[in-house]
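This is a predicted model, so every value here is computed, not measured. Excluded from the calculations below are hydrogen atoms, water molecules and symmetry mates; all remaining heavy atoms, backbone and side chain alike, are included.
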Amino acid sequence: MASVPSLASTVQQRLAEGLSAALPEAGSADPLLRRSDRADFQANGILALAKQLKGNPRELATKVVAGIPANDVLKEIEVSGPGFLNITVTDEAIVRTLAARAADARLGVPYAENAGTTVIDYAQPNVAKEMHVGHLRSAVIGAAMVQILEFTGETVVRRHHIGDWGTQFGMLIQYLIEHPHELDHKSDAEVSGEEAMSNLNRLYKASRALFDSDEEFKTRARARVVDLQAGDEQTRALWQRFVDESKIYFYSVFDKLDMDINDPDVVGESGYNDMLVETCRILEESGVAVRSNGALCVFFDDVKGPDGNPTPLIVQKSDGGFGYAATDLSAIRDRVQNLKASTLLYVVDARQSLHFKMVFETARRAGWLNDEVKAVQLAFGTVLGKDGKPFKTREGETVRLVDLLDEAIDRAASVVREKAQDLTEDEITERAAQVGIGAVKYADLSTSAARDYKFDLDQMVSLNGDTSVYLQYAYARIQSILRKAGEAKPAAHPEVALAPAERALGLHLDGFGELIAETAAEYAPHKLAAYLYQLASQYTTFYSECPVLKADTPEQVENRLFLCELTARTLHQGMALLGIRTPERL
């Protein structure tokens, strides 16, 4: 089905017709329409137009209103102040537009006109290391942007750039050679993520202790790094064991987060090893990078250290080793040249902004990024504790991500159990996971990514305020009403007059498509979260002011059921784009 024009775009079209008829000399002026508290919409472009035409803004506004052809969309237009137009639309136009949206599986949301291919780099855990609270935001924000962009028609390639390479693997592999059963599993049964991580933790601590205390082991471990980089078969096979064991753990955490992650999407640092030498050669031969004290560097006029001297991006170290920059630049080459990306989106901690600024500028100088291919860092802030300081355990340790998620589910179970009326124990357990994980995701996504936010589970699982639980209960309440409706079915009745709360709800529902486009274009999932919270709030007002099943006429019952159903579908779709479940019963 073709996309459904929003009321705002229809009103804008009517205003443009009035402008063209009354002021042909204005050309294709934009009426600058926005939602308003004084009416349904306000157009404030006449003031700028009056300056351009050297006319009286109120007189011009009156002319424009007179030039609008008769139609069934605009109910009233009031000229206010210096030429503002306060516009009220008809009830019939609201219901008709919503009915067209409801007839479409996509709720009338259009596909983006110039959809391309976006590679999203997100959820980047490290092999043989535990995931902690610092990994939460990249995973949650990245997964939401995948869903949002795909919904707009973008081709999205997921990339989990895991830390699976580096000197620490020499230590780990050498220890495993000398203690060959350290990664063995207790039984042939399927290995849990906890068991896999327990094995890795034990081996990491033991190998680190030996590395720090035994010079001969340290020498053997460093030699093993050389073997790994040279592609020695036995060394590579043992390295692969660490990667595979870590994936068991990663996937268990992502499963708890209710996130899909698949093997083809996991391309770690090691995936670009074969490109590093060529990347350096291209950069050096093109003059983008130069040798400085034996290292291959890229310099920038605006990046200087505390001493005032230039701070370069080091692509290759003086000892011949490669740093993060070489890997990141090789990844850009791969994503642009092989994956044919038009946009590279990096969901990475704001503290790495300088690194990515230099990497992106280097790639532009090399010609890998240009007017047709852009790279964007969706930088995110830090997760803080209630005290406003970086989130730590009481002992000052980094909080394990699994522990944090389990606690959220436990808190949610208490809330669900307290409200549950006809749920079995199994259903309570299932809902607790949906509510708890939804609460964690929503708290993150409802905050602008660039900002830090406080992790407060008591607030996150509250039934009141801007929480996912509030939205989930609004959805479940609607489902309850629809179940109780009996033979009455949702049906749009454009001829039925709307109460103020119905109008407000309808106008907000109408803005869903434009909101999705804005969220996708700005990589701003917090805008979608804010829209959904406002939708649930508008619905709560509607529910309290407009009896649904006890409305005055059968047509009014059906029309209000129609508004309920469309609200539920919009909540469901919007929450799904954020990666949050909407249970039918709570």
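Looking only at side-chain heavy atoms (C-beta outward), His355 and Asp328 come within less than 4.5 Å of each other. Taking the side chain as every heavy atom from C-beta outward, Phe455 and Leu136 approach each other to under 4.5 Å. No side-chain heavy atom of Arg224 sits under 4.5 Å from any side-chain heavy atom of Arg220. Side-chain contact between Asp227 and Trp239: absent, with no pair of heavy atoms (C-beta onward) separated by less than 4.5 Å. Put simply, the side chain of Ile437 does not reach to within 4.5 Å of the side chain of Arg581, judged on heavy atoms. Annotation: side chain of Leu203 is not in contact with side chain of Asn199 (no heavy-atom distance under 4.5 Å).
The backbone N or O of Ala443 sits less than 3.5 Å from a side-chain atom of Thr447, completing a donor-acceptor pair. With hydrogens and angles disregarded, a donor-acceptor distance shorter than 3.5 Å links the side chain of Glu154 to the backbone of Gly116. Here the side chain of Gln42 pairs no donor or acceptor atom with the backbone of Phe84 at under 3.5 angstrom. Not a single donor-acceptor pair under 3.5 Å links the side chain of His160 to the backbone N or O of Ile162. A side-chain donor-acceptor contact under 3.5 Å links Lys304 to the backbone of Asp301. With Ser207 contributing its side chain and Tyr175 its backbone, the two residues share no donor-acceptor pair below 3.5 Å. The backbone N or O of Met131 sits less than 3.5 Å from a side-chain atom of Tyr249, completing a donor-acceptor pair. Remark: side-chain polar atoms of Arg236 are paired, donor with acceptor, to backbone N or O of Leu228 under 3.5 angstrom. Checked by atom type and distance alone, the side chain of Thr117 never pairs as donor or acceptor with a backbone atom of Ser342 at under 3.5 Å. Of the possible donor and acceptor atoms, one in the side chain of Asp164 sits under 3.5 Å from a partner among the backbone N and O of Glu269.
Tyr122 and Asp265 are not linked by any side-chain donor-acceptor pair at a separation below 3.5 angstrom, with hydrogens and angles left out of the test. Judged purely by distance below 3.5 Å, without hydrogens or angles, the side chains of Tyr442 and Asp466 pair a donor atom with an acceptor atom. Side-chain polar atoms of Glu194 and Ser252 form no donor-acceptor pair below 3.5 angstrom. Side chain to side chain, Thr279 and Ser330 meet the donor-acceptor criterion of an N or O pair below 3.5 Å.
Within 6.0 Å of CZ on Arg411 lie more than 12 heavy atoms contributed by other residues, nucleotides or ligands. Under a cut-off of 6.0 angstrom, the local environment of CZ in Phe356 is crowded, with over 12 non-hydrogen atoms contributed by other residues, nucleotides or ligands. Counting non-hydrogen atoms of other residues, nucleotides and ligands closer than 6.0 Å to CG of Asp456 gives a total above 12. Environment of CZ in Arg451: sparse, with no more than 12 heavy atoms of neighbouring residues, nucleotides or ligands closer than 6.0 Å. For Phe299, the CZ atom counts as densely surrounded, since its 6.0 Å shell holds more than 12 non-hydrogen atoms of other residues, nucleotides or ligands. Dense packing is recorded around CZ of Arg35, with more than 12 heavy atoms of other residues, nucleotides or ligands lying under 6.0 Å away. Atom CG of Asn114 sits in a sparse spot, with 12 or fewer heavy atoms from other residues, nucleotides or ligands closer than 6.0 Å. Counted within 6.0 Å of CG on Asp274, heavy atoms from surrounding residues, nucleotides or ligands total 12 or fewer; the atom is thus considered open.
Going from atom CG of Leu404 over to atom NE2 of His135 covers 13.5 Å, rounded to the nearest 0.5 Å. Rounding to the nearest 0.5 angstrom, the gap separating the CZ atom in Arg291 from the OG atom in Ser318 is 9.5 Å. To the nearest 0.5 angstrom, Asn126 atom CG is 7.5 Å from Gln168 atom CD. With rounding to the nearest 0.5 Å, the separation of CG in Leu384 from CG in Asp452 is 4.5 Å. One distance of note links CG of Leu405 with CG of Asp255; it measures 11.0 Å at 0.5 Å rounding. Expressed to the nearest 0.5 Å, how far CE of Met145 lies from CG of Leu528 amounts to 9.5 Å.
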For residues 305-315, tabulate all N or O donor-acceptor pairs below 3.5 Å that involve a side-chain atom, not counting sequence neighbours.
| residue | atom | partner | partner atom | Å |
| --- | --- | --- | --- | --- |
| Asp307 | OD1 | Asn309 | N | 3.0 |
| Asp307 | OD2 | Asn309 | ND2 | 3.0 |
| Thr311 | OG1 | Gly305 | N | 3.0 |

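Salt bridge Asp444/Lys441: absent, no basic N to carboxylate O contact under 4.0 Å. The pair Arg202-Glu245 does not count as a salt bridge, with every side-chain nitrogen at least 4.0 angstrom from each carboxylate oxygen. A salt bridge links Glu215 to Lys218: at least one charged side-chain nitrogen sits closer than 4.0 Å to a carboxylate oxygen. Using a cut-off of 4.0 Å between Lys/Arg side-chain N and Asp/Glu carboxylate O, Glu182 and Arg241 are scored as not salt-bridged. Taking a cutoff of 4.0 Å between a charged side-chain nitrogen and a carboxylate oxygen, Glu361 and Arg365 qualify as a salt bridge. A salt bridge is defined here as a Lys NZ or Arg NE, NH1 or NH2 lying under 4.0 Å from an Asp or Glu carboxylate O, and Arg335 with Asp121 meets this definition. Salt-bridge annotation for Asp334 and Arg159: absent, with no side-chain N of the basic residue lying under 4.0 Å from a carboxylate O of the acidic one.
Contact detail for Cys297 and Ser292: the closest heavy-atom pair is SG-CB, 4.0 Å. Heavy-atom minimum distance, Val225 versus Gly170: CG2-CA, 3.5 Å. Heavy-atom minimum distance, Ala128 versus Phe242: CB-CD2, 4.5 Å. Annotation for Leu200 and Ser246: closest pair CD1-OG, 3.5 Å, computed over non-hydrogen atoms. Considering every non-hydrogen atom in both Val373 and Ala341, the closest pair reads CG1-O, 3.6 Å. A pairwise comparison of heavy atoms in Lys374 and Leu369 identifies C-CD2, 4.2 Å as the closest pair.
The aromatic rings of Tyr531 and His508 sit parallel to each other, their planes meeting at less than 30°, with 60° as the upper class boundary.
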- Query: Yes or no on side chain to side chain contact (heavy atoms under 4.5 Å, CB included) for Phe380 and Leu378, after CA distance, side-chain angles and deciding distance?
  - Reply: CA-CA 7 Å; Phe380 56 81; Leu378 204 178; 5.6 Å; no

- Item | Worked verdict on Arg137 versus Tyr453 for side chain to side chain contact (heavy atoms under 4.5 Å, CB included) | CA-CA 11 Å; Arg137 301 206 72 186; Tyr453 80 96; 3.6 Å; yes

- Message: side chain to side chain contact (heavy atoms under 4.5 Å, CB included), that's the test. Do Ile282 and Trp368 meet it? Break it down for me.
- Response: CA-CA 11 Å; Ile282 293 170; Trp368 303 326; 3.8 Å; yes

- Task: Could you check Thr343 against Tyr523 for side chain to side chain contact (heavy atoms under 4.5 Å, CB included), going step by step and ending with a plain yes or no?
- Result: CA-CA 12 Å; Thr343 302; Tyr523 309 122; 3.4 Å; yes

- Lys386/Asp458 under salt bridge (Lys or Arg N to Asp or Glu O under 4.0 Å): CA gap, chis, key distance, verdict: CA-CA 10 Å; Lys386 288 184 184 181; Asp458 292 329; 3.2 Å; yes

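Two rings, from His161 and Tyr272, have their centers less than 6.0 Å apart.
Taking Tyr470 as the reference, Tyr533 meet the ring-ring contact (aromatic ring centres under 6.0 Å, His included) condition, with sequence neighbours excluded.
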